[in-house]
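Letters A, B, ... are given to chains in the order of the sequence lines, protein chains preceding strands, and every chain is numbered from 1. Heavy atoms only: backbone and side chains are in, while hydrogens, waters and symmetry mates are out.
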Number of protein chains: 2
Amino acid sequence: MLSANPLLTQFQKTRSLSQAETAALSKVPLRRVALRPEEPMVRAGDHTTSCILVLDGMLATSKVDGAGRRQITAIHIAGDFPDLMSLHLDLADSDIRAVAKAEVASINHDHLRRLALDHPNLAAKLWRTVLVDAAISREWVLNLGQRESMTRMAHVLCEILLRMQVAGLANGNTCRMPLTQVNLSEVTGMSLVHVNRVLQQLRRKDLITLAKGQLDVLNWAGLVKVGDFSAEYLHIVKH
Amino acid sequence: MLSANPLLTQFQKTRSLSQAETAALSKVPLRRVALRPEEPMVRAGDHTTSCILVLDGMLATSKVDGAGRRQITAIHIAGDFPDLMSLHLDLADSDIRAVAKAEVASINHDHLRRLALDHPNLAAKLWRTVLVDAAISREWVLNLGQRESMTRMAHVLCEILLRMQVAGLANGNTCRMPLTQVNLSEVTGMSLVHVNRVLQQLRRKDLITLAKGQLDVLNWAGLVKVGDFSAEYLHIVKH
DNA sequence: CGTGGCCTTGACAGGAGTCAAGTATGGTGG
DNA sequence: CCACCATACTTGACTCCTGTCAAGGCCACG
């Protein structure tokens with residue numbers, strides 16, 4: 001099938017669809033948008049009328065505090081819907097921007113609402129992704145609040161690799177990882193200098209390789225242990 | 001009306017309801033549960049078949065890391081639905097327990113699902129609360145990741161007072177605040193000792209009074225400033 | 001009146017931030 | 001093809017915020 005609707009493709013990944021669902025999904029119009037590195041897709045305060053589906057690359061949701069310090073509150077890879085919340089919340093409370101070059105599909109709210117009303121199973125799947133994102137957010141609160149820096153960093157790397165694997169975007173224990181050390185400092189709440197030192201500790205322990213936008217986990221069990229990582233919070237469904 | 005259905009009461013707070021909606025809400029059976037301090041209502045790993053509506057007191061959602069350190073990821077006051085996520089996620093990923101004495105209503109999943117399917121406006125309201133909780137969670141990530149300890153603490157206190165006010169549970173700038181300093185350390189990711197020192201700084205600046213389970217914000221503007229607080233993330237609707 | 005929970009205080013150590021400088025790396029234009 | 005520049009990464013020195021340890025005080029309750 002030539003250039004299938006990526007929305008349809010995404011839904012097919014987790015569940016077999018009825019004829020009606022497939023038809024409805026195919027009919028949803030998408031607007032493809034290419035993003036350059038750092039380019040914002042949504043800004044805090046925006047009133048949006050469409051949702052995003054990530055097609056390629058990586059985006060990050062972030063907030064900035066009064067002193068101008070930025071915190072990344074979520075990262076999004078291909079297949080993620082970073083701002084489904086805009087369906088029910090009037091104003092965006094965070095920025096969403098590309099980490100590196102990325103491509104997204106913009107889906108009109110009205111079309112998504114129609115889809116959700118007509119097809120409860122598709123609505124349920126959408127809501128499930130919102131809830132998983134919320135679960136990830138809670139785990140990040142734990143990560144930032146309680147875990148020491150090396151554990152915190154290892155945990156983040158575990159999550160990234162595992163999510164990439166589940167999305168079919170990893171090659172064994174290797175995946176693209178476009179976050180710079182500055183970005184990682186915005187994820188982990190540590191200073192850039194400390195990020196650098198912690199990464200070197202992880203390298204020295206032969207747990208990871210991380211260079212040129214590529215992450216290679218040399219010792220998954222070891223990284224999981226150092227990172228106090230346990231995947232339940234990702235609510236991954238096996239099939 | 002004698003002892004109205006608290007679920008109905010909660011929904012009436014934000015929107016006037018249709019006859020059908022009122023009738024449907026009135027018919028939903030609730031099971032009232034009284035909780036003693038620290039008593040868990042949900043545990044991580046549980047498969048639940050009902051949701052919670054907080055009727056009185058305060059609950060907290062928390063996670064524990066591998067070293068046994070507990071992080072509170074959300075606090076819930078009367079009118080909140082702490083675990084709507086259980087409607088679509090099989091297993092709980094966090095504990096939910098009473099902070100002090102509390103009372104909750106337990107609502108069967110099936111009844112809520114029926115309600116949501118039959119009354120899209122009620123479903124939308126429920127989802128909106130889920131999304132606001134997620135927005136709060138993102139703000140907490142920012143708070144934990146970027147803000148220094150005094151700002152962090154002030155921010156938490158601002159959020160608590162404002163939410164209590166919106167819920168009609170405050171008396172001017174005073175409200176019940178059953179979180180102990182240990183609890184506040186679990187919220188802010190700081191040590192108990194440091195919580196104590198930071199609270200004293202806030203008191204010395206004549207910003208707050210906090211004792212015997214009661215918070216009094218003496219200088220709201222001042223606390224907002226110290227706490228880098230801005231309420232947008234709570235998505236409060238005026239009416 | 002004793003006991004436990006909660007709060008307070010002091011001393012000390014160390015993890016992590018900041019400042020500052022220097023080293024790759026990769027893209028661009030002359 | 002090479003010089004140049006921007007971006008990203010690395011390293012060292014120093015400071016200080018915050019955690020830990022330890023002890024003690026204050027209440028409420030049985």
From the set [options], return the single nucleotide nearest to any side-chain atom of [X].
X	options	answer
N196(A)	dG26(C), dC7(C), dT10(D)	dT10(D)
S191(A)	dA11(C), dC19(C), dG17(C)	dG17(C)
Q181(A)	dC6(C), dA20(C), dC9(D)	dC9(D)
V193(A)	dC9(D), dG10(C), dA20(C)	dA20(C)
Q200(A)	dT20(D), dT11(D), dC27(D)	dT11(D)
E148(B)	dT10(D), dT18(D), dT20(D)	dT18(D)
K212(B)	dT25(C), dC27(D), dG17(C)	dC27(D)
H194(B)	dT10(D), dG19(D), dT18(C)	dG19(D)

Using whole Å, what does the distance between atom [atom2] of nucleotide [N] and atom [atom1] of [X] come to?
X	N	atom1	atom2	result
L199(B)	dT18(D)	CG	P	14 Å
Q201(A)	dT11(D)	CD	C1'	14 Å
M190(B)	dC16(D)	CE	C1'	16 Å
L192(B)	dA23(D)	CG	P	17 Å
L210(A)	dA8(D)	CG	C1'	12 Å
L179(A)	dC9(D)	CG	P	10 Å
L184(B)	dG19(D)	CG	C1'	17 Å
R152(A)	dG15(C)	CZ	P	14 Å

Practice problem: Would you indicate what G213(A) reaches in the nucleic acid, counting non-hydrogen atoms under 4.0 angstrom: base, sugar-phosphate, or nothing? | Solution: nothing
Practice problem: Assess whether one donor atom and one acceptor atom, taken from the side chain of R69(B) and the base of dT20(D), lie less than 3.5 Å apart. | Solution: no
Quiz item: Of R203(B) and V195(A), whose nearest nucleotide on DNA chain C comes first from the 5' end?
Solution: R203(B)
Close side-chain approach of [X] to [Y], heavy-atom, < 4.5 Å:
X	Y	result
R163(A)	V166(A)	no
L218(A)	T209(A)	yes
V54(A)	I77(A)	no

Quiz item: Would you call the rings of H155(A) and Y233(A) parallel, tilted or perpendicular, where under 30° means parallel and over 60° means perpendicular?
Solution: parallel
Exercise. Inspect the surroundings of CD in Q200(B) and state if more than 12 heavy atoms from other residues, nucleotides or ligands are less than 6.0 Å away.
Key: yes
Practice problem: Ignoring backbone atoms, establish whether T180(A) has a side-chain N or O less than 4.0 Å from OP1 or OP2 of dA8(D). | Solution: no
